[in-house]
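Throughout, a chain's letter reflects where its sequence line sits, starting with A, and its residues are numbered from 1.
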There are 2 protein chains.
Amino acid sequence: MAILGAMTARPPGRPRSGVHAVVFAATLSTVHELGYARATVDRIAAAAGIAKTTTYRRWPTKGALIVDCLLDAFGPIPLEGAGRAELMSSAIRWIAAKIAEPGVGDAFAGVFSDAVSDPALREILSTRLQDPYRIALQEALGEPENRVLFFIDVVVGTLLHRMGMTGEPMADDDVTTLTELVLPHFTGSPP
Amino acid sequence: MAILGAMTARPPGRPRSGVHAVVFAATLSTVHELGYARATVDRIAAAAGIAKTTTYRRWPTKGALIVDCLLDAFGPIPLEGAGRAELMSSAIRWIAAKIAEPGVGDAFAGVFSDAVSDPALREILSTRLQDPYRIALQEALGEPENRVLFFIDVVVGTLLHRMGMTGEPMADDDVTTLTELVLPHFTGSPP
DNA sequence: TTAGTATCGATACTTCAGGTAGCGAAACGC
DNA sequence: GCGTTTCGCTACCTGAAGTATCGATACTAA
């Protein structure tokens with residue numbers, strides 16, 4: 001019995017091999033070992049055990065590969081806190097922990113830098129990576145778009161600046177300080 | 001009469017031409033027009049009216065050139081406010097305005113990104129660019145190093161993240177919001 | 001004026017990474 | 001087996017960082 005009928009009609013020819021998970025893992029480990037710039041598509045493909053050309057059959061550019069890899073590494077943002085303070089605090093700790101994972105912060109900072117002088121990549125980064133989390137935060141917090149964008153600028157910008165300047169992810173103490181800095185501004189009441 | 005005596009004894013041979021100012025201006029305008037990645041050393045040199053080789057006689061790498069250019073563009077941080085609040089507020093507005101100048105933000109974000117995967121450049125960035133301002137802020141504010149570093153992470157990180165994501169410098173409204181976010185944390189009294 | 005020295009511009013070159021093209025081999029459904 | 005598509009492989013193009021060389025030039029000292 002065909003599940004979903006025509007939608008699953010397999011096209012003729014050799015099927016694509018499911019390499020996404022392997023490539024994502026290879027990307028993070030290669031970036032972690034060699035840094036972003038020296039993690040070439042060639043090396044990533046070799047680490048994944050596939051040919052470079054196969055990588056370019058899946059992702060049009062290195063930037064697109066990295067963004068997809070980050071999307072996979074981040075997953076959905078957990079938003080189960082009771083109340084705005086808990087919600088935002090857990091979101092900050094979540095993204096800080098993700099960026100601290102081996103290779104994730106380097107890949108994030110690296111693709112972010114590339115986007116500075118590549119409008120096409122900036123569009124991918126903004127649309128595919130930032131927008132889903134922005135929208136989820138808007139709905140969960142009931143804040144307007146510009147406030148949520150500012151929130152993301154502060155949190156992610158701070159974490160990436162620390163990572164870029166020191167080469168190490170931000171320590172837990174400072175992440176706590178970051179929450180203490182941000183929360184009052186978004187949850188406190190004006191005098 | 002020789003001023004400073006032996007210290008000004010000119011070495012033999014053709015003297016170096018003073019091209020720093022011209023190269024800095026050419027760097028910023030080229031980065032502004034073409035973006036960081038497409039602002040090659042070749043193009044910058046051409047815009048400055050000198051040969052590429054002459055550029056490499058002054059600066060060992062593109063990153064070193066950009067850092068020197070930023071140092072020249074920033075200049076010393078103005079710290080003449082009365083009281084910590086005014087001091088920090090004026091510092092935030094100063095760096096925001098500098099980053100908003102044509103080419104400066106792009107160059108800053110670009111070299112920052114390169115530093116992610118280039119430890120030598122990161123060292124240059126940290127030592128030559130960040131440290132002078134960090135030390136000046138430590139003395140002016142009487143804050144410990146880690147607090148000032150955190151302050152820089154938040155302010156510069158936020159400004160660069162906005163620049164990288166949108167391609168535009170942060171608007172004045174949001175810079176004001178940024179000061180309102182940061183100031184209470186550094187000037188307010190704990191309950 | 002001449003000799004010596006160091007920089008200049010110009011050209012050519014090397015290296016490396018992103019990305020593309022073309023091929024025969026392999027993996028499917030029929 | 002046949003048609004189709006993807007696979008790995010190799011070769012290639014482009015562009016940019018950085019290096020090497022060389023004659024021309026600008027200056028000092030004698």
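- Applying the ring pair (Phe, Tyr, Trp, His ring centres under 6.0 Å) criterion to B/Tyr36, with sequence neighbours excluded, gives no partner residue.
- Cluster membership for B/Val67 and B/Ile44, using ILVMFWY side-chain heavy atoms within less than 4.5 angstrom, is not shared.
- In this structure, the salt bridge (Lys or Arg N to Asp or Glu O under 4.0 Å) partners of B/Arg84, at least two apart in sequence or on a different chain, are B/Glu143.
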Restricting both atoms to N or O, compile the protein contacts to nucleotides 13-18 of chain D shorter than 3.5 Å, with distance only.
from, atom 1, to, atom 2, distance (Å)
D/dA16, OP1, B/Arg43, NH2, 2.8
D/dA17, OP1, B/Lys62, NZ, 3.2
D/dA17, OP2, B/Val41, N, 3.3
D/dG18, OP2, B/Tyr56, OH, 3.3
D/dG18, OP2, B/Lys62, N, 2.9
D/dG18, N7, B/Lys52, NZ, 2.9
D/dG18, O6, B/Lys52, NZ, 2.8

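- Straight-line distance from the CD1 atom of A/Ile44 to the C1' atom of C/dA17: 12 Å, rounded to whole Å.
- Ring geometry for A/Phe74 versus A/Tyr133: interplanar angle over 60°, hence perpendicular rather than tilted (30 to 60°).
- We find that CH2 of A/Trp59 is positioned 14 Å from P of C/dG19, with the value rounded to whole Å.
- For A/Arg16 and C/dA26, the shortest distance from a side-chain N or O to OP1 or OP2 is not below 4.0 Å.
- Below 30°, between 30° and 60°, or above 60°: for B/Phe112 and A/His161 the angle between ring planes is below 30°, a parallel geometry.
- Between A/Arg128 and A/Asp68, at least one side-chain N (NZ, or NE/NH1/NH2) sits under 4.0 Å from a carboxylate O, which counts as a salt bridge.
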If a protein heavy atom is under 4.0 Å from the base, mark B; if only from the sugar-phosphate, S; if neither, -; do that for nucleotides 20-28 of chain D going 5' to 3'. BB---BBSS
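- Remark: A/Asp131 engages A/Ser126, A/Thr127, A/Arg134 in a side-chain contact (heavy atoms from CB on, under 4.5 Å) (not counting sequence neighbours).
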Sequence neighbours left out, cut at 3.5 Å: what donor-acceptor pairs do the side chains of residues 163-172 of chain A make with other protein atoms?
from, atom 1, to, atom 2, distance (Å)
A/Thr166, OG1, A/Arg162, O, 2.7
A/Thr166, OG1, A/Glu168, N, 3.1
A/Thr166, OG1, A/Glu168, O, 3.0

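- The nearest whole Å value for the distance from the CG atom in B/Asp114 to the P atom in C/dA17 is 14 Å.
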